[in-house]
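We name chains A, B, ... by the order of the sequence lines, and we start the count at 1 in each one.
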Amino acid sequence: MKLRNHTSIVTQLPEGVAPASFWSRVTQGIYQLLVAGIGLYLVYLLAMQMIYFRAPGQIESQRTLISAAHAGELVALDVVNNQLVEKGDRLLAIQSDKPCELLVDTRSGKLKEAIQLAQLDHQLIDNKVLFLRQRLNQQKVWRALELGGRRSINAHSLGEEISLAEQRLQGTNRQLKLQKKLLKDWQQQLAERQQECGPQWVVAPFSGSIAAVHLQQFEYASRAAPLVTLIASPAIVSIELQIDEQDSEHFSVGDLLTVELPNGQISDATVTRMISNAALAPERKQDNYRPVQTLTRVDLAPLTAGDGARWMEFDRADVTVITRR
Amino acid sequence: MSLSPPHQHHTIYFAIILMSWCCLTEAYAAQRHPPPGLPELASAASEQQNMWQLVTNLSNDFFNLYQVGDPVAADQLFTGNCDELTVPSATAAALKAEALAYTRDYGLSLNGVYSDSATSDGDEGSAYVELAWNLLDNGRRENLDRAKLLDQQAQLAQIQHQQQLFALSSRCVAERIGHTELGRYGALLRLHNQLLTPAEWLERRAYLNGISLLDELLDAQSQLAVTNIELRKLHNNPRLDTHLTSRETLPIMDIDIKKIIAAIRLDPRPDYERQLQRQSLTLTHETDREIKLRLYLRQQIPTDSQPADLVAGVRVSMPVGHKAGIAMPQRFTEINQKIEQQQWQRVARTLTAYDEFSEQLTRVTRQHYRLLRAAERLRQVIVARNLQADETDLATAATRLHSTLLAAENLITAKRTLYMRLNRVIRESQLVLAHQYLTPLEVPNLDYRARLGQRLLYIWSKNFNQKTNVTLIDLIRAKGMKQVVVSAGKQTNPVKLRRFIAIAENNQIQVELTLGDNRWIFPEQHEAAVSRSLNAANLSERLHLDVEPQALPDYKKNRVLYEQHYLQLVRRISGKLTGQRLTVAVPLHWRSQTYAELAPLVDELYVMAYEQKSSTQVVRRLQPLLAAVPVTKLRLLASAADFPSEWEMEQRFIAVAAQTGISRFGVHALNGMLQMAAGSK
């Protein structure tokens, strides 16, 4: 680029007019555009900074840690990492190291017999009530026909008989329920004892996938030791971000936000929860050092199932949450 | 023609007959020929079933027989003319003719005399012809008196003739009485015969099979024989045969003996008779005069001894001294005594006849109630059978039927005797208009159920569909109802409904079909409402409209408008009916004007007096209705659910009837009525 020099200390010649060049004008235009572009970009960046608020967050999928209810040897392990399981599937079995004694079933037979008798009794009384009602209806017609005779008894006595029978019916109902409950409790007790004395199987509380198996077969697990980490299917995934208190004004529950995933894709989210949180200050400072910072934790949920699936792909990854100020 | 009263004992024997029959086994049943009147039988069970069918059919025929009847008016019975007796008194006519003859006899006579006497001087004779006129004795005066006497004797003869006519008329009435209720009597005998014939056959079989004894068989045969004799008598006598198809019934009558006796005592005829006899006696005495007065004009016929001469003369003859003749005062006394004695005898005989009549009236009343009790017991067993109750016994049913028929026959006989004795009272009283002192005795008929007024019952779909038609009819009749309102809505079984209507009509029960939707009052619904109403009306000829605009939610705001819409609806329906009966259900709180406009459009208004605390309240609330609608168009409805017992409901009806004159009532509804009956202690 050639610059015009208006004055020259060497020559006194008239300045004249510099020769014009088309390409220099083009270049000039390009330079101007570039400068304008840069300027506009800076303005844009500034504007973005002023309009939008960005905060880092982390994708968290809900994981369930299954721990040992009691100490014992892991006698069976039927799952591996990333295995899909259904609710109720056996995961592993722990043999308790406590001594136990099996219960002898001395009551089931008698309880079942009592239940059968009670059911029979109930049926008989039910039939009797039905019969008495029919008889009462017949008796009403009989009396209305003014026929007299043996059938001309007062309906009150029939009504009382029906009432008594119904009370007995209710009684047998309650008795039946009680007996069934007793049987059930007894059988449950037997099963529990059986379980306690035998290897206790741990089953999947819900359908999902095995995120991690923490022990190996025949390994000893202490009480409350983590055994398996299970992620539900469909997984419950969320984004958690920690922001300063003063920034929390940009968020409110129910707001729709944009999330920038690590691969640059944009996803939609909504604020589900905002709670106060505290975090330890990572570094000491010379001035105004406070060891515990007061932050606000914001939980986001995916707006659609598709968003949730994409988030799952970046489990534990950092993302950027963008919201309008 | 009467059956003897000791037939009551036969009822016991009849019961034994049938109970012994019931001991027959199937083995016996297989050995026999079928009893007369029953079809070929396969087993004892089917024989029993057929016998049940026979008893049921005969019972239904009996009750149907008493559904129709034309009560005989007593005055027609006692005042109808007997042709043989409309003859005038011949004696009176003869006496009158003689009286007339005497009035034409002026006492003139033409006499002629010739006498010839032989004397010493030879024959001396005389002769004359004279025209004589007797004026007194044997003359004009006496003839006139005789004519008057004969006239009075003619009147006396007429009185005696009337008394004779009275006796003959009484005989004629007695014969007429004998013809009454022949139709019903004959029908009863036929029913009885249909029952006794198979019963006798069964008893004969039982006897020959050793189950019963000969005397029981003889009793059955005797009853059958008597029944057949009566039937033969009825059918063989040509004079009686013409009355067999009639349905006349004799009401039970009483007579006011006080008025009869008073009328006898005030009867002017004895005084008239007394007067006539006295006049007659007086005239007899007066005509028996001995004063003679005779005027004569004599022409002497010339003879040898006398010349011709015309002589006019007067002859007078008069008794001197006391004239023997009738002792008038004593005769008058005699006449008075006779008349008074006759009167006394008349009263005494009337009272005696009345005593016998009164005794018979007691018997008839007792017999009437005996018939009612027997019929009620028969009804109970037939209705129980209809309910297929196991405890109904064929022997009981047949015995009760037999008792009922016997009681009915005896009642007819007793009533005839009653009327005979009544006839005797009238005959002895010799009062021409004695029948006006007769009053019918208020006794209940076979439909009587001790309930006031006319009744109807509401039956809604659920109960209608659940209960058999026969049970429904039995229920209606048990409560003394003659009308029933049945829902014609979509939930009612249409086939059952048609059958029910037919059965009800056969039992003289009127069926009104009810339907309605409260929204029908709106003009846009009128067309559909009219169409549905006409369909129901064509089915039973009686339509009951159950449209209650007061049940609409905004009735209070639009009361006047809704009631006017309702009236328009009723007008349209009423205009489309072709003679069918239309009734409507109305509440107690509409405007008087609405009631007044509604009354001419319908046959009856059924007033829904539900949930009222007392009869006073009901009567008070009825006043606007009574002011706007004739009482004959009002029927009071009560809800059975409002009363703990039927007694309480009856007291309500009685109280309202006494204060308002309403005599038609209705019960809503069957379900409540059953509950009420069941709840009564």
Side-chain angles (χ1 to χ4, degrees), chain A residues 112-181, chain B residues 372-373 375-393 396-397 400 447-451 455 457 459 462-463 466-468 470-481 640-641 644-647 649 667 669-681:
Chain A
K112 282 180 185 170
E113 202 177 300
I115 286 169
Q116 275 180 355
L117 285 171
Q119 280 173 339
L120 192 60
D121 197 25
H122 182 273
Q123 187 63 41
L124 284 171
I125 298 172
D126 199 28
N127 289 343
K128 186 179 177 185
V129 169
L130 191 64
F131 169 73
L132 286 174
R133 283 193 188 284
Q134 283 174 352
R135 205 166 152 223
L136 181 62
N137 286 337
Q138 282 176 358
Q139 200 261 355
K140 284 181 189 176
V141 173
W142 189 272
R143 282 181 67 90
L145 287 167
E146 301 180 12
L147 295 178
R150 284 182 294 148
R151 283 203 181 188
S152 185
I153 56 174
N154 196 305
H156 280 282
S157 60
L158 263 180
E160 282 171 5
E161 218 177 318
I162 290 172
S163 179
L164 280 172
E166 283 174 342
Q167 283 175 15
R168 276 191 61 197
L169 201 63
Q170 284 173 6
T172 52
N173 261 342
R174 283 196 293 270
Q175 186 186 3
L176 207 53
K177 278 183 188 168
L178 189 64
Q179 284 167 337
K180 284 180 178 174
K181 187 175 179 303
Chain B
L372 292 182
R373 284 200 303 274
E376 171 59 16
R377 289 194 198 111
L378 177 62
R379 181 200 73 88
Q380 287 171 9
V381 75
I382 295 299
V383 168
R385 172 69 180 173
N386 289 341
L387 280 181
Q388 297 177 340
D390 295 332
E391 53 259 38
T392 49
D393 177 34
T396 305
R400 289 187 183 184
D447 290 336
Y448 175 69
R449 304 303 301 181
R451 288 162 177 91
R455 299 292 172 95
L457 177 67
I459 304 179
K462 187 180 169 191
N463 264 313
Q466 281 176 352
K467 299 205 171 15
T468 64
V470 172
T471 301
L472 290 172
I473 295 292
D474 287 339
L475 280 166
I476 294 162
R477 292 177 74 172
K479 298 301 177 189
M481 297 181 179
S645 68
E646 202 173 346
W647 167 254
M649 189 171 72
V667 179
L670 175 61
N671 205 35
M673 196 178 75
L674 290 175
Q675 194 61 38
M676 199 163 57
S680 301
K681 296 195 180 178

So, for [X] and [Y], which heavy atoms are closest and what is the spacing to 0.1 Å?
{"X": "B:Arg379", "Y": "A:Glu146", "answer": "NH2-O, 3.2 Å"}
{"X": "A:Lys140", "Y": "B:Ala677", "answer": "O-CB, 4.4 Å"}
{"X": "B:Ala478", "Y": "A:Ala144", "answer": "CB-O, 3.8 Å"}

| message | List the residues meeting side chain to side chain donor-acceptor pair (under 3.5 Å) with A:Gln116, not counting sequence neighbours, and say none if there are none. | response |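 A:Gln116 satisfies side chain to side chain donor-acceptor pair (under 3.5 Å) with no residue once adjacent residues are dropped.
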| field | Among B:Arg449, B:Gln380, B:Glu376, residue most engaged with chain A (heavy-atom pairs, under 4.5 Å) | value |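 Sorted descending by pairs with chain A, the first entry is B:Gln380.
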| said: Which one wins on heavy-atom pair count under 4.5 Å against chain A: B:Met673, B:Arg451, B:Lys467? | reply: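 Top count of heavy-atom pairs under 4.5 Å with chain A: B:Arg451.
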Listed pairs under 3.5 Å, donor-acceptor, residues 173-181 of chain A side chains, sequence neighbours left out:
residue  : atom : partner  : partner atom : Å
A:Asn173 : OD1  : A:His122 : NE2          : 2.9
A:Lys181 : NZ   : A:Asp185 : OD2          : 2.9

| What distance separates B:Arg477 CZ from A:Leu145 CG, expressed to the nearest 0.5 Å? | 12.0 Å
| said: Any heavy-atom pair between the side chains of B:Leu387 and A:Leu147 that's under 4.5 Å? | reply: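 Yes. Closest side-chain heavy atoms under 4.5 Å.
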| So with a 6.0 Å cut-off around CD of A:Glu113, is the heavy-atom count from everything else above 12? |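 No, because the 6.0 Å sphere around CD of A:Glu113 holds 12 heavy atoms or fewer from other groups.
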